[in-house]
2 protein chains.
Amino acid sequence: MNPDRLRKQLGFVTEIDKLKHVLRRTVTIDENRNENDAEHSWHLATMAVLLAEYVTGEPVDLLRVVKMVLVHDIVEVDAGDTYCYSGADPAEKLDRETRAADRLFNLLPADQAGELRALWDEFEERATPEARYANALDRLQPLLLNYHALGKTWLKYGVTRDQVLKRAHPIKESVPALWEFAENLIEDAVRRGILSK
Amino acid sequence: MNPDRLRKQLGFVTEIDKLKHVLRRTVTIDENRNENDAEHSWHLATMAVLLAEYVTGEPVDLLRVVKMVLVHDIVEVDAGDTYCYSGADPAEKLDRETRAADRLFNLLPADQAGELRALWDEFEERATPEARYANALDRLQPLLLNYHALGKTWLKYGVTRDQVLKRAHPIKESVPALWEFAENLIEDAVRRGILSK
């Protein structure tokens with residue numbers, strides 16, 4: 001056992017405890033309080049396990065998907081959550097998150113830093129089946145929460161049907177069956193008055 | 001696509017959102033507020049990925065370990081968290097959690113209900129290398145948090161060094177290198193006065 005290696009690994013494990021304090025705009029269903037990134041990542045990982053059968057094309061490597069969603073928001077420990085409908089400058093966001101990735105993943109030994117950084121890059125680039133599935137889940141989960149929390153976040157920020165449809169669109173490419181479901185949910189939300197036209 | 005199957009899967013995904021409201025006694029490091037089961041499960045899953053090299057004996061199936069820790073506390077949606085030092089009757093706890101497992105996992109289609117139930121049973125029985133590793137992580141993570149939160153929960157509930165050592169003991173069998181680390185952490189906590197002798 002290399003004590004320096006273990007020290008780095010457990011230092012990273014301790015540092016990412018902070019992800020539990022990074023709040024998202026989406027609220028939890030029953031308590032209507034802001035969800036945090038750690039809870040969100042757990043939810044996505046569990047969904048990845050349960051919904052993999054709906055991925056079209058070649059089967060995905062589920063372990064890679066799960067690892068990807070577990071670490072996809074870790075950069076937000078430094079960079080904070082950027083609300084998807086905030087109109088934030090994507091280049092500024094990328095710059096902020098890249099600096100965060102440089103610091104955070106490099107707390108780990110080099111081999112693991114490289115693995116997690118590559119998973120994060122892959123998630124952001126959405127070019128592999130695993131990354132497309134992970135991104136689809138990342139779009140579906142807040143949709144489910146917002147719907148069941150009676151549109152609280154949508155109404156609060158004046159989000160419209162077309163914005164939500166556009167945001168959900170990556171679901172279509174990876175998991176078309178879930179896209180059909182998502183479209184129906186969005187239309188029903190409009191009918192129920194919990195999402196603006 | 002079978003709409004009834006998808007409806008059941010997403011019903012389960014929605015139901016387990018409640019895990020974000022099940023509070024543990026352990027507190028998060030920076031905010032010193034109670035950690036919840038969803039955050040805890042995310043932390044364990046990420047640790048499972050990063051620390052697998054320390055498992056002794058035959059290599060573990062990492063995907064099975066990750067699935068196991070993602071779902072190991074889901075029964076607490078119904079059964080609530082039972083504090084490990086509370087002296088609760090183990091038979092009563094098992095009965096409560098078994099009823100919870102019967103209800104919750106059966107929200108899923110039968111094949112997935114069976115898979116998740118088997119993973120939960122396996123975690124509880126600690127008879128496989130995967131279950132032993134998952135349990136070791138479940139003991140190590142609160143130890144790390146309690147240490148870095150300056151023993152807040154230990155001091156509040158009057159927990160002693162011997163109780164913590166006993167509770168951490170499953171770490172020894174699965175990941176001896178982490179046991180050595182855990183023992184040092186416990187002794188240091190006593191020296192610093194954040195854990196009673």
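Values reported hereafter were calculated over all heavy atoms of this structure, with side chains retained and with hydrogens, waters and symmetry mates removed.
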Dump the intermediate steps for side chain to side chain contact (heavy atoms under 4.5 Å, CB included) on B/Leu10 and A/Leu50, then the final yes or no.
CA-CA 9 Å; B/Leu10 294 175; A/Leu50 294 171; over 6 Å; no
Run the side chain to side chain contact (heavy atoms under 4.5 Å, CB included) test on B/His21 and A/Arg33 for me, step by step, so that the C-alpha distance in whole Å, both residues' side-chain angles and the decisive distance to 0.1 Å come before the verdict.
CA-CA 10 Å; B/His21 308 141; A/Arg33 56 129 179 111; 3.7 Å; yes
Any chance you could measure B/Leu63, atom CG, to A/Leu62, atom CG, to the nearest 0.5 Å?
5.0 Å
Measuring from atom OG1 of A/Thr28 to atom CG of B/Leu19, what distance do you get when rounded to the nearest 0.5 angstrom?
12.0 Å
Same cluster (ILVMFWY, side-chain, under 4.5 Å), [X] and [Y]:
| X | Y | answer |
| --- | --- | --- |
| B/Leu94 | B/Val75 | no |
| A/Leu145 | B/Val22 | no |
| B/Leu23 | B/Tyr83 | no |
| A/Leu195 | A/Leu155 | no |
| A/Ile194 | A/Val27 | no |

More than 12 heavy atoms from other groups under 6.0 Å of CD on A/Glu15:
yes
CD of A/Glu58: more than 12 outside heavy atoms within 6.0 angstrom?
no
Between B/Val13 and A/His43, does a side chain to side chain contact (heavy atoms under 4.5 Å, CB included) hold up when you go through it step by step?
CA-CA 8 Å; B/Val13 165; A/His43 216 164; 3.7 Å; yes
Between chain B and each of A/Tyr54, A/Phe12, A/Phe181, count heavy-atom pairs under 4.5 Å; write down the option with the most.
A/Tyr54
If you tally heavy-atom pairs under 4.5 Å against chain B, which of A/Leu140, A/Val71, A/Leu51 wins?
A/Leu51
With chain A as the partner chain, list the residues of residues 99-129 of chain B whose heavy atoms fall under 4.5 Å from it, by residue number, and write 'none' if nothing qualifies.
B/Leu108, B/Gln112, B/Leu116
Between [X] and chain A, which part of the residue has a heavy atom less than 4.5 Å away: side chain, backbone, both or neither?
| X | value |
| --- | --- |
| B/Val66 | side chain |
| B/Ile16 | both |
| B/Tyr147 | neither |
| B/Leu6 | both |
| B/Glu31 | both |
| B/Asp37 | neither |
| B/Lys20 | both |
| B/Arg5 | both |

Contacting moiety of A/Leu144, where chain B heavy atoms sit under 4.5 Å
side chain
Residue among B/Gln141, B/Glu180, B/Lys67, B/Arg7 with most heavy-atom pairs under 4.5 Å to chain A
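That would be B/Lys67.
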Option in B/Ile74, B/Asn36, B/Leu178 with maximal non-hydrogen atom pairs under 4.5 Å from chain A:
B/Asn36
Show your reasoning for whether side chain to side chain contact (heavy atoms under 4.5 Å, CB included) applies to B/Asp17 and A/His148.
CA-CA 10 Å; B/Asp17 191 63; A/His148 288 290; over 6 Å; no
Considering all heavy atoms, the nearest A/Trp42-B/Ser41 contact:
CD1-CB, 3.5 Å
